[in-house]
Amino acid sequence: MADVLVFVDHVDGVVRKPTLELLTIARRLGDPVAVLLGAGSGARQAAGVLGEHGAVRVLVAEAEEFGQYLVVPKVDALQAAVGVVGEPAAVLVASSGEGKEIAARLALRLGSGLITDAVDVQASEEGPVATQSVFAAAFTTTSRVTSGVPVITVKPNSAPVEQAAAAGTVEELSVSFGELATGTKVVARTPRQSTGRPELTEAAIVVSGGRGVGGAENFPLIEALADALGAAVGASRAAVDAGWYPHSNQVGQTGKTVSPQLYIANGISGAIQHRAGMQTSKTIVAVNKDPEAPIFDLVDYGVVGDLFQVLPQLTDDITTR
Ligand code: FAD
């Protein structure tokens, strides 16, 4: 079977969930080979988890450049990994801002094709076939890279995390950095204040609030339901523009794209620009007092009602169960 490179996204050796999902996809396409980069020796501890999720080999490179500089050193390393395995069946990268930049630069260097924001990738005789949701989710397309090594970024929550024991043999990856690698330096990092909730784009459940929430002072209703479900909080642009919730939580065309197992839209009408960011959610629930609200065309379960009555009851019911 051909090798499939998986770029590992981790924080101090703790592998992030989207990488484990990529390993599930990689196993459909061939033998997963994980590329693990770190600025210190902490990264190495991730190798065990990668093996438990199907990585046949783990190529490890440690260098200060990975922590000090922006994405180019990581592209240098991925390119070196492509050289080590020969002609991989694909290179899979999680669809974060950084992931997409790395993937685009790599595809350019390899002279191959790039597919971004795939929501599914399946094997075919001609090579991996990726499904994307495009034009504000108005169309679903399937596409395939027709020349060179396919470089594909995959949205979080596009595949389940599955344990699959594999060798996970650790091998050193030697990387020589090009001149560009040290061109832009990170001068400061300011950690975002943690809310204790999951990252919006990675969360399995997202509870969102829109203009119907009526004000910042009412968003604790959304947060309470989110906390009862272990969910992330999202918001429509109307709620964000009104200053009720931070822009980093906006879901939609000009916000973040989420694809959770469960999306609960509260007081959100379902404008096309909002749909663009959540339409690929597996199960969609809406609470809206207007039975004609367009969001109801999209939902699996709809509650026609006042969110100020529905949400406290729902939260109460979940927490007392
Ligand atoms: P509204 O459309 O005002 O809907 C509020 C809903 O709440 C209504 O359906 C109402 O029935 C319901 N409601 C009111 N009170 C209650 C209650 N007590 N209980 C239950 N339901 C109640 N929007 C985004 O969300 N994300 C984006 O990224 C985004 N990008 C955009 C980009 C562009 C270029 C443009 C032009 C627009 C964009 N928009 C985006 C804005 C989008 O068009 C809508 O204006 C926005 O999504 C509306 O937000 P909303 O559903 O919260 O508000």
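As the structure lists them, so they are numbered: ligands from 1, and atoms in each ligand from 1. All values below come from the heavy atoms of this structure, side chains included, with hydrogens, waters and symmetry mates left out.
- N249 contributes a side-chain N or O that, together with a main-chain N or O of V233, makes up a donor-acceptor pair within less than 3.5 Å.
- Remark: ligand 1 and G270 share no N or O pair separated by less than 3.5 Å (distance only, no angle test).
- Judged by distance alone, the side chain of H53 and the main-chain N or O of T24 form no donor-acceptor pair under 3.5 Å.
- For atom 9 (O) of ligand 1, the nearest protein heavy atom lies closer than 4.0 Å.
- Ligand 1 has G305 within reach: a non-hydrogen atom of the residue lies less than 4.0 Å from it.
- I222 and Y263 fall into different hydrophobic clusters, defined by Ile, Leu, Val, Met, Phe, Trp and Tyr side-chain heavy atoms under 4.5 Å apart, directly or through other members.
- Annotation: side chain of R237 is not in contact with side chain of Q273 (no heavy-atom distance under 4.5 Å).
- The only option from L37, L22, L36, T19 that meets the side-chain contact (heavy atoms from CB on, under 4.5 Å) definition with D9 turns out to be T19.
- The contact set between ligand 1 and F308, taken as ligand atoms under 4.0 Å from a residue heavy atom, comprises 18 (N).
- Listed by number with element, the atoms of ligand 1 under 4.0 Å from a non-hydrogen atom of A271 are 42 (C), 43 (O), 44 (C), 47 (O).
- For atom 53 (O) of ligand 1, the nearest non-hydrogen atom of the protein is R211 CB, 3.4 Å.
- L221 and V287 fall within the same hydrophobic cluster, where Ile, Leu, Val, Met, Phe, Trp and Tyr residues are linked whenever their side-chain heavy atoms come under 4.5 Å apart, directly or through other members.
- When only non-hydrogen protein atoms are considered, atom 19 (N) of ligand 1 lies nearest to L307 N, 2.9 Å.
- Remark: minimum distance from atom 6 (C) of ligand 1 to any protein heavy atom is reached at G267 O, 3.3 Å.
- At least one donor-acceptor pair under 3.5 Å links the side chain of S259 to the backbone N or O of T280.
- No chain of hydrophobic side-chain contacts below 4.5 Å, direct or via other Ile, Leu, Val, Met, Phe, Trp or Tyr residues, connects V145 to L106.
- Between the Q163 side chain and the E52 main chain, no donor and acceptor come within less than 3.5 Å of each other.
- Tracing side-chain contacts under 4.5 Å through hydrophobic residues (I, L, V, M, F, W, Y), one never reaches I205 starting from I295; they form parts of separate clusters.
- Residue Q253 has at least one heavy-atom neighbour below 4.0 Å for each of these atoms of ligand 1: 27 (C), 28 (O).
- Of all protein heavy atoms, the one closest to atom 29 (C) of ligand 1 is T254 OG1, 3.4 Å.
- Contacts between S236 and ligand 1, counted as non-hydrogen atom pairs separated by less than 4.0 Å, involve both the backbone and the side chain.
- Among Q250, R237, Q273, the residue whose heavy atom lies nearest to atom 28 (O) of ligand 1 is Q250.
- Protein heavy atom in closest approach to atom 48 (C) of ligand 1: A238 CB, 3.9 Å.
- The D306 neighbourhood of ligand 1 comprises atoms 17 (C), 18 (N), 19 (N), with distances under 4.0 Å to a heavy atom of that residue.
- Ligand-side atoms of ligand 1 in range of G210: 52 (O), range being under 4.0 angstrom from any heavy atom.
- Proximity annotation for atom 13 (N) of ligand 1: of S208, G212, A276, G212 comes nearest, heavy atoms only.
- Ligand 1 places these atoms under 4.0 Å from at least one heavy atom of V251: 24 (C), 25 (O), 26 (N), 27 (C), 28 (O).
- Using a 4.0 Å cut-off to heavy atoms of G252, the atoms of ligand 1 that qualify are 26 (N), 27 (C), 28 (O).
- Listed by number with element, the atoms of ligand 1 under 4.0 Å from a non-hydrogen atom of G255 are 28 (O).
- Remark: L262 CG to D300 CG distance equals 9.0 Å, nearest 0.5 Å.
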